[in-house]
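All residue numbers in this chain count up from 1 along the given sequence. Note that ligands are numbered from 1 as they come in the structure, with each ligand's atoms numbered from 1 the same way.
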Amino acid sequence: MPESQLLAGRTAVVTGAAGGIGAALATELGARGMSVVLADIDAEGVQRTAVELRARGMRVIGVEVDVSDPDSVAALADTSLAEFGSIELLCNNAGVLLFGAVADASIGDWRWLASVNVEGMLNCLHAFLPAMRAASGWRHVMNTASTHAFLPDTAHTALYSATKHAVLGISLGLRPELADDGIGVTVLCPGQAATGILDSQRNRPETFGRRGAEPFGTGVIPMAIAPEEVARLAVEGILTAEPIVFALPEYTRDQFRDQVEQLWRLADDALGHPGDPYPESAGSRPAAGA
Ligand SMILES: NC(=O)c1ccc[n+]([C@@H]2O[C@H](COP(=O)([O-])OP(=O)(O)OC[C@H]3O[C@@H](n4cnc5c(N)ncnc54)[C@H](O)[C@@H]3O)[C@@H](O)[C@H]2O)c1
């Protein structure tokens, strides 16, 4: 079937769809003829977005869900299947960001990040995959990681980065697992998108303890890529079953490449590889014992 016809008439579930990248994904998929379940912990926000998309002629519903809660996710799966009959595309996109040094972070900080970013994805996989695997035809899973899945890009993002390492690792492992069922898996790695991500703690339940201060404010990241562009690249990648899709502002690409090379250099140094693929970088390596 031509790529342009893969989506029309099928159904997608998008978590974290009240705003930001999730709402843009839902809009892109709806515009391509998919029915879409918009799911988010922000009950008002997700209904508002669903109403907007319905006014544009799209077939969508908004559902409140807490992806960190397996019962809430099971209810989302029941509602989605009852409404649309089958799910062909699962976009595990809900995520939260918290800045802070590892040594200063509370266990509550870590648990909140991990429960939404990692367990949230696993809860949705466990709730939706059985029916998706039992079905036939085109089916796909997309998990939203980050460019932080490779290395933290400031001294303040190690915990968030660790959750996104997990999303990347689980997604790359899941891809061959689901290949036999004919289900594709793509991991989306955005970098600096213009969304509400800096204000993630607006959705932090009190059970995870104190709300840490936000060292960089809670506004939209300046000079960031538009969520609509992230969504367009993501959907193109889904259609061509890419393993990884990057969506980051042009001006940050060299910096990101440097980070990936740093990771490679760490491994290469540790392995004592005789052929250094980055000889010009030797001078920048820390002296022994530094
Ligand atoms: N914006 C960026 O620069 C950027 C970069 C890389 C990766 N990402 C990732 O993109 C994804 C979307 O984030 P965004 O940038 O659109 O931010 P956003 O804050 O606009 O959207 C995240 C959505 O997730 C929802 N959410 C939070 N906790 C939830 C929970 N427990 N259950 C269900 N929904 C919940 C929020 O209500 C919100 O609508 C996240 O996984 C994020 O980590 C964003």
Side-chain angles (χ1 to χ4, degrees), residues 13-28 37-50 62-73 75-76 91-99 111-124 127 142-154 157 159-168 171 187-205 207-208 214 216 218-231 233-234 244-249 252 256:
V13 172
V14 181
T15 65
I21 294 169
L25 272 170
T27 306
E28 182 73 29
V37 179
L38 290 85
D40 204 289
I41 199 168
D42 175 356
E44 261 179 49
V46 80
Q47 292 306 343
R48 199 167 42 242
T49 306
V63 181
E64 180 182 2
V65 71
D66 178 353
V67 294
S68 70
D69 173 358
D71 293 338
S72 176
V73 173
L76 168 68
C91 295
N92 289 312
N93 171 77
V96 290
L97 166 68
L98 187 66
F99 290 111
R111 286 187 180 142
W112 175 54
L113 283 169
S115 72
V116 179
N117 295 359
V118 185
E119 287 177 32
M121 173 186 64
L122 290 171
N123 287 334
C124 290
M142 192 196 72
N143 299 322
T144 305
S146 168
T147 49
H148 287 71
F150 294 82
L151 269 188
D153 72 4
T154 75
T157 57
L159 292 183
Y160 172 76
S161 176
T163 67
K164 294 301 185 177
H165 291 335
V167 175
L168 177 67
S171 303
V187 58
L188 171 64
C189 294
Q192 300 189 12
T195 69
I197 192 85
L198 293 183
D199 191 20
S200 287
Q201 291 200 82
R202 69 192 185 279
N203 292 312
R204 178 173 175 162
T207 45
F208 291 103
E214 287 298 356
F216 304 111
T218 54
V220 174
I221 302 170
M223 296 174 70
I225 188 170
E228 293 75 15
E229 179 63 3
V230 177
L233 292 166
I244 304 183
V245 171
F246 287 108
L248 60 163
T252 62
F256 176 59

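Under a 4.0 angstrom heavy-atom cut-off, A39 registers as lying outside contact with ligand 1. The shell of residues lying under 4.0 angstrom from ligand 1, judged by heavy atoms, excludes T15. Judged by the shortest distance from any of its heavy atoms, L97 lies outside the 4.0 Å radius around the atoms of ligand 1. Taking 4.0 Å as the cut-off, H148 does not count as a neighbour of ligand 1 on heavy-atom distance.
Taking all heavy atoms of D42, D40, D66 into account, the minimum distance to atom 37 (O) of ligand 1 is reached by D40. The residue from N143, N93, V96 that puts a heavy atom closest to atom 11 (C) of ligand 1 is N93.
Considering backbone and side-chain atoms alike, A17 places every N or O at 3.5 Å or more from each N or O of ligand 1. Close N/O approach between S200 and ligand 1 is not found [any backbone or side-chain N/O within under 3.5 Å]. Polar contact with ligand 1: present for Y160 (N/O pair, distance under 3.5 Å).
Close approach of ligand 1 to V65 is summarised as follows: ligand atoms under 4.0 Å from at least one heavy atom of the residue are 32 (N), 33 (C). The I221 neighbourhood of ligand 1 comprises atoms 3 (O), with distances under 4.0 Å to a heavy atom of that residue. Close contacts of ligand 1 with G196, meaning ligand atoms under 4.0 Å from a residue heavy atom, involve 19 (O), 20 (O).
Here the heavy atom of the protein found nearest to atom 13 (O) of ligand 1 is I197 CD1, 3.7 Å. The protein non-hydrogen atom at the shortest distance from atom 32 (N) of ligand 1 is V67 N, 3.0 Å. Of the protein's non-hydrogen atoms, the one nearest atom 16 (O) of ligand 1 is I21 N, 2.8 Å. Atom 14 (P) of ligand 1 has its closest protein heavy atom at T195 OG1, 3.4 Å. Closest to atom 9 (C) of ligand 1, if we only count protein heavy atoms, is T144 CG2, 3.6 Å.
Closest approach of S68 to V116, counting heavy atoms only: CB-N, 4.3 Å.
In this structure, the side chain of T49 engages the main chain of A18 through a donor-acceptor pair within 3.5 Å.
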